[in-house]
Undergrad: 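Quick one: this structure, given as structure tokens, is what I'll be asking you about.
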Amino acid sequence: MDSKHEAASAYADAAHSYKKTSTKACIANLEQALNIFMEIGRLSMAARYCKEIVELYEQEQNLEQAIAYYNKASDLFQDEEVTTSANQCKQKTAQFSAQLEQYQKAIFLVVSFSVLQTNCIYLEMFQPHIMLIQ
């Protein structure tokens with residue numbers, strides 16, 4: 001386990017070395033790091049590297065790939081119950097979908113996000129009453 005963590009960290013270090021010279025090599029190394037972190041169950045670290053990859057794709061204006069990695073980061077954050085970060089990723093996915101004129105996808109994401117937020121608010125409001133009913 002420790003050696004895999006060290007390997008993932010080495011890939012991340014290599015990626016950061018490539019950041020200014022080769023975006024492609026940087027992304028490849030970050031992907032290796034995130035895959036290893038996923039394999040060993042360090043999902044928050046994997047999500048962090050997904051977001052770094054997103055930033056690189058954003059710089060290159062490759063919104064399709066940025067969306068793919070925002071989706072992956074959102075899923076990883078959700079698995080770790082880091083809801084705020086997961087929601088931020090979903091919002092960016094909706095924004096990029098709209099920029100790519102994928103309006104149905106963007107609308108679906110915004111509506112589902114709004115419903116989720118509303119349900120959380122109502123759940124918090126009615127939680128004391130729900131406890132009484134049970």
Side-chain angles (χ1 to χ4, degrees):
M1 181 89 139
D2 285 339
S3 63
K4 286 191 177 192
H5 188 277
E6 290 172 15
S9 295
Y11 277 116
D13 289 343
H16 295 132
S17 296
Y18 281 116
K19 206 167 210 168
K20 292 189 186 234
T21 59
S22 173
T23 302
K24 187 175 181 177
C26 182
I27 290 170
N29 281 282
L30 287 172
E31 286 174 336
Q32 290 292 329
L34 88 87
N35 288 333
I36 294 170
F37 279 125
M38 285 175 57
E39 183 181 321
I40 63 174
R42 299 289 308 273
L43 303 183
S44 293
M45 290 296 291
R48 181 177 143 212
Y49 290 119
C50 280
K51 286 187 76 175
E52 280 194 48
I53 293 170
V54 165
E55 290 169 8
L56 294 166
Y57 281 127
E58 279 185 82
Q59 289 172 3
E60 293 189 338
Q61 295 296 303
N62 187 340
L63 298 184
E64 290 91 359
Q65 285 292 6
I67 287 170
Y69 280 93
Y70 263 132
N71 284 331
K72 185 179 264 190
S74 175
D75 291 343
L76 291 167
F77 282 129
Q78 200 66 50
D79 289 347
E80 289 290 292
E81 298 180 7
V82 184
T83 309
T84 303
S85 294
N87 290 341
Q88 289 170 346
C89 292
K90 288 176 186 175
Q91 286 177 323
K92 289 297 277 188
T93 299
Q95 176 189 336
F96 290 164
S97 295
Q99 285 179 265
L100 292 172
E101 298 180 359
Q102 297 171 353
Y103 299 118
Q104 286 182 320
K105 181 178 180 180
I107 291 168
F108 173 79
L109 288 166
V110 169
V111 169
S112 63
F113 179 73
S114 297
V115 167
L116 179 64
Q117 291 292 88
T118 302
N119 286 343
C120 288
I121 291 168
Y122 284 130
L123 187 60
E124 287 176 15
M125 282 177 28
F126 293 113
Q127 187 67 32
H129 303 292
I130 292 170
M131 299 301 279
L132 290 174
I133 294 170
Q134 293 175 348

Undergrad: Can a donor-acceptor pair be found between the side chains of Glu58 and Tyr69 at a distance below 3.5 Å?
TA: no
Undergrad: Rounded to the nearest 0.5 Å, what's the gap from OG1 on Thr23 to CD on Glu60? Could you check?
TA: 4.5 Å
Undergrad: Indicate the atoms forming the closest heavy-atom contact of Cys26 with Lys19, along with that distance.
TA: SG-CA, 4.0 Å
Undergrad: Which pair of non-hydrogen atoms, one from Cys89 and one from Tyr70, has the smallest distance, and what is that distance?
TA: CB-O, 3.6 Å
Undergrad: In terms of hydrophobic clustering (I, L, V, M, F, W, Y; side-chain heavy atoms under 4.5 Å; direct or indirect links), are Phe96 and Tyr57 co-clustered?
TA: yes
Undergrad: Report the distance from atom CD of Glu39 to atom CG of Asn35, rounding to the nearest 0.5 Å.
TA: 8.5 Å
Undergrad: Just how far is it from atom CG of Asn62 to atom CD1 of Ile53, taken to the nearest 0.5 Å?
TA: 12.0 Å
Undergrad: Where is the tightest heavy-atom contact between Ile36 and Lys4, given as atom of each residue plus distance?
TA: CG2-O, 3.3 Å
Undergrad: Mind checking the CG-SG spacing from Leu76 to Cys50? Nearest 0.5 Å is all I need.
TA: 5.5 Å
Undergrad: Give the ring-plane orientation class for Phe37 versus His5, where under 30° counts as parallel, over 60° as perpendicular and anything between as tilted.
TA: perpendicular
Undergrad: Do you know which two heavy atoms are closest between Ala66 and Val54, and how far apart they sit?
TA: O-CG2, 3.6 Å
Undergrad: Using the rule that two of Ile, Leu, Val, Met, Phe, Trp, Tyr join whenever any of their side-chain heavy atoms come within less than 4.5 Å, decide whether Leu56 and Ile67 are in one cluster.
TA: yes
Undergrad: Quick check on the hydrophobic clustering: are Met45 and Leu34 connected, directly or via other members, by side-chain heavy-atom contacts under 4.5 Å?
TA: yes
Undergrad: Measure the CD-CD distance between Gln59 and Glu55 for me, rounded to the nearest 0.5 Å.
TA: 7.5 Å
Undergrad: Within a strict 4.5 Å, meaning less than it, do heavy atoms of the Gln78 and Lys90 side chains meet?
TA: yes
Undergrad: Do Met38 and Ile40 land in one hydrophobic cluster if side-chain heavy atoms of ILVMFWY residues count as linked below 4.5 Å?
TA: yes
Undergrad: Quick one: NZ on Lys92 to OG on Ser97, what's the gap to the nearest 0.5 Å?
TA: 12.0 Å
